[in-house]
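What follows is a short report on a single structure.
Letters A, B, ... mirror the listed sequences (proteins, then strands); counts begin at 1.
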Protein chains: 2
Amino acid sequence: MLENLNRIEVVNPVDLIISQIRDLISSGSVKPGEKLPPERKLAEHFGVSRNQVREAINKLQFYGIVKVQPQSGTTVTGIGIVALEGLITDILKIEDSDLKSLVDTRILLEKEAARLAALNRTNDDLVQLTNALKEYKNKLSASDHAVEEDLMFHIKIAEASNNKVLKSLMMIITPDIVKKFIQYKVCNVANNNQTLEEHQNILDMISNQDAAGAVRAMEVHLSDIKKFSNNKN
Amino acid sequence: MLENLNRIEVVNPVDLIISQIRDLISSGSVKPGEKLPPERKLAEHFGVSRNQVREAINKLQFYGIVKVQPQSGTTVTGIGIVALEGLITDILKIEDSDLKSLVDTRILLEKEAARLAALNRTNDDLVQLTNALKEYKNKLSASDHAVEEDLMFHIKIAEASNNKVLKSLMMIITPDIVKKFIQYKVCNVANNNQTLEEHQNILDMISNQDAAGAVRAMEVHLSDIKKFSNNKN
DNA sequence: TTGTTAGATTTGGTCGACCAATAATTGGAT
DNA sequence: ATCCAATTATTGGTCGACCAAATCTAACAA
């Protein structure tokens, strides 16, 4: 019965304003490098309050579409078509993605991170990794729930890879992975002692600067997760 | 002379508030799942206006640290340590990264996207890719500057891969790549006709569902860029 | 004609007050 | 004692007004 009722579309007004401004850019009215009309004009033109326009511009700034300069104006950065193809809503909305995409992509990044870490790690990186592993062990013996420490170890690997972009991307998807894992209660599946051993293996390979070995160790480590995600979706 | 003067630290007040709230979370005063103190209390406690607190909370919501529920409160999501290790500032600040990291990571993502696209592409994907290639060709013959159309083709490949996360990540780093390319004037280096041919090759491989071939074609296509980035940094 | 400067205007940033929806409290009926 | 409805308090959201910095204008001097 109820499912036949149309879902009420409660559209956020700022999202509407965002797409309006987007149209302004994609139609060519305002080209990259040029200034957006002032907030007051936009507010008047759209028939909304200035605060709504401000919030919309704020979001656009987050996405890197525009850059606001106090007491001067808001300029459109030269990112062009890419962000305008109705894609804005896609960026950073990974939470709707299916678990498989998330895990597959994570594995891709993690393997590369392990490889680069084996090649580029400094001695300080090894210390950091060892510490992270130790903290993970401690947390495990205390509370048998150490998702954050687990992921922290992986983040440290990304750091050791000396590729900031890789690290940033991993950090972008990591929270979503945690969310999904908690949602599906993956933790119960994992054997914590085995995880610990696998972490140690990865660390050894990185320590020995064995790139291929590190990739392999990481692959083994993530195989369980991959299996799980394949079953789900 | 001038370089001996200390640079004036013009710290954004909201960033300070953000770290204050972060401390509130990492110190354990507010655990994941619990509610943050109301905006008014926070404003009073920090001795700032409520708007500043609102803006800070807005940013935290963007980063996925908290979730605001109108007329109810702001709850801390369970993302834990990861976002708190002083890492917030790292996320999405890819623009400071060196070109090599950017290009290396892009190549990693692009090869995987090409592989998955060859495996998963639908007929509609082929139409989209063909159109994107055509638009690129048109723009080239008209203006010999078609960076956006070029990248659009790559985005379409990511779409055809049927891995939303991969696509999102590519879209996150793409604007930065464009920026760097314009900065270093990479466009002059590129031979546009050759690029066109390479795009056609990739499309053919994807069309034939030849995964290995698609990866290879993508590798060839990006090899010039890789060479360039290796020389720079 | 050109360069400079004082004033007016426009800009995004900030603030305090008010709004509607939610949550908490309280009072009474059973 | 328990449950429920009406009331009150609290919450994030919205708005219009004001602020200081940047920009523009134009008048004046060289």
Legend entry - A:Asn51 CG - C:dC18 P separation (whole Å):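 Those two atoms, CG and P, are 16 Å apart.
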
Legend entry - Atom-pair distance (CG on A:Asn58; C1' on D:dT14), nearest Å: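 The distance from CG of A:Asn58 to C1' of D:dT14 comes to 16 Å, rounded to the nearest Å.
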
Inset, instruction - Report the distance from atom NZ of A:Lys41 to atom NE2 of A:His45, rounding to the nearest 0.5 Å. - result: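 Answer rounded to 0.5 Å: 11.5 Å.
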
Inset, instruction - Tell me, please, which residues at least two apart from B:Lys226 pass salt bridge (charged side-chain N to carboxylate O under 4.0 Å, His left out). - result: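 B:Asp104.
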
Inset, instruction - Applying salt bridge (charged side-chain N to carboxylate O under 4.0 Å, His left out), name anything that partners B:Lys111, two or more places apart in sequence or on another chain. - result: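 Applying salt bridge (charged side-chain N to carboxylate O under 4.0 Å, His left out) to B:Lys111 gives B:Glu219.
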
Legend entry - Basic-acidic side-chain contact under 4.0 Å: B:Lys156, B:Glu159: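 Looking at B:Lys156 and B:Glu159, the cut-off is met.
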
For nucleotides 9-13 of chain C, list the nitrogen or oxygen atoms of the protein found under 3.5 Å from its nitrogen or oxygen atoms, one pair per line.
from, atom 1, to, atom 2, distance (Å)
C:dG12, OP2, A:Glu39, N, 3.0
C:dG12, O4', A:Gln71, N, 3.3
C:dG12, N7, A:Arg40, NH1, 2.9
C:dG12, O6, A:Arg40, NH2, 2.8
C:dG12, N2, A:Gln71, NE2, 3.3
C:dG12, N3, A:Gln71, NE2, 3.3
C:dG13, OP2, A:Arg54, NH2, 2.3
C:dG13, O5', A:Arg54, NH2, 3.2
C:dG13, N7, A:Arg50, NH2, 2.7
C:dG13, O6, A:Arg50, NH1, 2.8
C:dG13, O6, A:Arg50, NH2, 3.4

Inset, instruction - Step through the shown structure and confirm whether more than 12 heavy atoms of other residues, nucleotides or ligands are within 6.0 Å of CD on A:Gln61. - result: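 Enclosed: over 12 neighbouring heavy atoms sit under 6.0 Å from CD of A:Gln61.
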
